[in-house]
2 protein chains.
Amino acid sequence: MLDVLQEHIIKRLGKVPERFEEVAKAFEPLRPKRGTYLLREAEVCKHVYFIVEGCLQVFVIDKNGNESTRELYTEEQWVTDIFGFKNQQASEEYIKCVEPCKLLRIHYDAFQYFSAEIPAFAQIYQQILELSYSNTVYRVNTMTSLNALDRIKWLIENKPQLMTRLSNKLIASYLGISPETMTRLKGKL
Amino acid sequence: MLDVLQEHIIKRLGKVPERFEEVAKAFEPLRPKRGTYLLREAEVCKHVYFIVEGCLQVFVIDKNGNESTRELYTEEQWVTDIFGFKNQQASEEYIKCVEPCKLLRIHYDAFQYFSAEIPAFAQIYQQILELSYSNTVYRVNTMTSLNALDRIKWLIENKPQLMTRLSNKLIASYLGISPETMTRLKGKL
DNA sequence: AACGACTCTTGATAAATGTCAATGATTTTG
DNA sequence: CAAAATCATTGACATTTATCAAGAGTCGTT
C-alpha cells in the first residue's frame, strides 16, 4: 500500500520527498472491514488515516439518535478529527468504515516528530490542511445556500462516484435530508 | 493598530516573534466603514485581513438573491477566501464590513514571501489554519445536526456577543433561517 | 436455498420553516 | 431634525421536509 502513498506524495510535492523511507515506516497498514469504527465520540483520536481503498464516514449523532454525516472520504484522502487530534482531546465525531478498506495510519507521536524534523512533511501537511479547510468551507456554503433538490443535483454534478457507490441512506445523511425525501426527490430529477 | 497584532501573535507563539518589525511593515491599516465590500464574487482575493475592531461577514448569494452567511468574524480573527487566496483564483464568496472596522491586511506577495522566509510566520499561519479548519468543521456539524431552535440556543451559549451586537436579520442569515422564523423562535426560548 | 437484517419505496399525515403583506419601530442620512 | 430607508414583528397561508407505517426488494450468511 505504501506505493499508493508515495505516488500521492509525489503528486503533491512534485518530487520524491526527502527521507521517504523513514516516514513510510511510521505508517501502519490496516484492513478494517465494513462497519468498523476507527473513532467514537469521547475517544481521543490518536491517528491520521490515509485511504488507499474504501470509504470512511465522519459523523455526529444528534439528540434523536440520527447520524449526521459531516463528510465522506474515499481513495487518496486524509482523515482525522482535526481538533481532537491536534489537542489530543476527546472527539465529538465518529469515524466509521462504510466499505471494506485498505488504510495507512500514522500515530500522533510520529506525526509530531516528522512535522518538526522534516520540512517536506510539514509542507505536505500544510497543503492537506489548506485543501481540507477549503473543502469544508465549500461544504458549509453548499449545505446552507441550497435546498434539498439542489444539493442532490450538486452531488450528481460534483461527486457522481459517491452517488453510485454508496447507499441511498448514507447519501441522504450526507446531504442532510431523510432517506424518504431523498427517494422522492430523485424521482423529480 | 499594530500593537494589537503583536499582542495577538505573542499569545499564539508564547514569545515575541522573530523579525516582527519587518513583518509588521507589510501590514496595511484600513478603516472601512459599515457596508464596505472587501471582496466580491468573481474577484481574486489579494489579502488576508486581521480584525483589530469591528465585524466582517463572509457570505454567498443563493439563486433567489438571498445572502447565506458562512461566517461572522470579530476582533482578533483572521479572514480571507482561503481557496481563492491560495490559488489566486476567482472567489465564490463576498466579504463585507457589517460594522465600521479597524483592519490590518497583508498582501498575497508579502504573505508568500514571509511564509517561505520566516519559520515563525509559517508556524503561526499553520496554527490559524488549524483553528479555522476546526471551527468550520464544528460549524458543519452544528448546522446539519441541530434544528433552528437549537441553533439559536447554541449561538446564545457559545457566541453571546454576536447575538447582542448584530441585527436579527444577520444572525438569522448566519443560522440559516428566515428573519421571521428567528423572531418567532426567540419568543419560545 | 432460506433466514434475518437491512434498505428502498410509497402513502398518509404532521411538523418545521418559508413567503408575502402590513404596520410600527429604529436607524441612517441629507 | 426630518425624511427615507431599513428592520422587527405579527398574521395568514404555502411549501418543504420529516415522521410513521407497511410492503417489497436486496444482500450477506449460513
Side-chain angles (χ1 to χ4, degrees), chain A residues 31-37 54-55 57 59-69 72 96-101 142-156 162-189, chain B residues 32-37 54-55 57 59 61-69 72 96-101 142-156 162-189:
Chain A
R31 290 173 166 270
K33 58 182 184 181
R34 195 165 177 279
T36 305
Y37 282 84
C55 181
Q57 175 198 17
F59 62 98
V60 294
I61 294 190
D62 69 21
K63 64 178 177 186
N64 302 317
N66 296 316
E67 293 181 358
S68 172
T69 300
L72 295 168
K96 186 168 71 172
C97 305
V98 293
E99 292 180 351
C101 293
T142 303
M143 292 298 283
T144 58
S145 73
L146 302 181
N147 64 21
L149 185 57
D150 287 340
R151 293 203 293 275
I152 296 175
K153 287 180 182 166
W154 175 88
L155 192 67
I156 292 171
L162 289 189
M163 201 75 190
T164 49
R165 85 193 250 189
L166 301 176
S167 73
N168 188 64
K169 190 186 169 189
L170 192 52
I171 295 292
S173 166
Y174 179 57
L175 294 178
I177 57 187
S178 71
E180 294 93 336
T181 297
M182 180 79 192
T183 294
R184 291 183 172 111
L185 291 179
K186 275 198 293 187
K188 292 197 181 175
L189 285 175
Chain B
K33 59 182 182 181
R34 196 167 177 284
T36 305
Y37 282 84
C55 181
Q57 175 198 17
F59 62 98
I61 294 190
D62 69 22
K63 64 178 177 186
N64 301 319
N66 295 317
E67 293 181 359
S68 172
T69 300
L72 295 167
K96 186 167 73 172
C97 305
V98 293
E99 291 179 352
C101 292
T142 303
M143 292 298 283
T144 58
S145 73
L146 301 181
N147 64 22
L149 185 55
D150 287 339
R151 293 202 294 276
I152 296 175
K153 287 179 183 167
W154 175 87
L155 191 67
I156 292 171
L162 288 188
M163 200 76 191
T164 49
R165 86 195 248 188
L166 301 174
S167 72
N168 189 62
K169 190 187 169 190
L170 193 52
I171 295 292
S173 165
Y174 179 57
L175 294 179
I177 57 187
S178 71
E180 293 93 336
T181 297
M182 179 80 192
T183 294
R184 290 184 174 113
L185 291 180
K186 275 198 295 187
K188 291 197 182 177
L189 286 174

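Every chain is numbered from 1, with letters handed out A, B, ... down the list of sequences.
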Show, in sequence, the C-alpha distance, side-chain angles and deciding distance for Gln57(A) and Leu166(A), and conclude whether the side chain to side chain contact (heavy atoms under 4.5 Å, CB included) test is met. CA-CA 11 Å; Gln57(A) 175 198 17; Leu166(A) 301 176; over 6 Å; no

Send over the distance from [X] [atom1] to [N] [atom2], rounded to a whole Å.
X	N	atom1	atom2	value
Leu149(B)	dA16(C)	CG	P	10 Å
Ile177(B)	dA8(D)	CD1	P	12 Å
Met143(A)	dT17(D)	CE	C1'	13 Å
Arg151(B)	dG18(C)	CZ	C1'	13 Å
Asn64(A)	dA14(C)	CG	C1'	15 Å
Leu146(A)	dT17(D)	CG	P	11 Å
Asn66(B)	dT17(C)	CG	P	17 Å
Arg34(A)	dT26(D)	CZ	P	16 Å

Using side-chain heavy atoms (C-beta onward) and a distance below 4.5 Å, is [X] in contact with [Y]?
X	Y	result
Thr142(B)	Asp150(B)	no
Lys188(B)	Arg184(B)	no
Tyr174(A)	Leu155(A)	yes
Thr69(B)	Leu175(B)	no
Thr36(A)	Lys33(A)	yes

Quick one: closest heavy-atom pair of Arg34(A) and Val98(A), and the distance?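 Heavy atoms only, the tightest pair is NE-O, 3.6 Å.
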
Quick one: label Gly35(B) by what it contacts on the DNA or RNA (base, sugar-phosphate, nothing), any heavy atom closer than 4.0 Å.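 No contact.
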
For a quick check of understanding: with a heavy-atom distance under 4.0 Å over all strands, which category does Ser178(B) fall into, base, sugar-phosphate or nothing?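 Contact class for Ser178(B): base.
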
Would you compute the distance between atom CD1 of Ile171(B) and atom CD1 of Ile152(B) and round it to the nearest 0.5 angstrom?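 That separation rounds to 10.0 Å.
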
Please check if atom CZ in Arg165(A) has more than 12 non-hydrogen atoms from other residues, nucleotides or ligands closer than 6.0 Å.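 It does: Arg165(A) CZ has more than 12 such atoms within range.
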
Neighbours of DNA chain C within residues 168-175 of chain A, by heavy-atom distance under 4.0 Å: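 Under 4.0 Å from DNA chain C: Asn168(A), Lys169(A).
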
With a 4.0 Å heavy-atom cut-off, tell me which residues in residues 179-189 of chain A come close to DNA chain C, sorted by residue number.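 Result for residues 179-189 of chain A: Glu180(A), Thr183(A), Arg184(A), sorted by number.
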
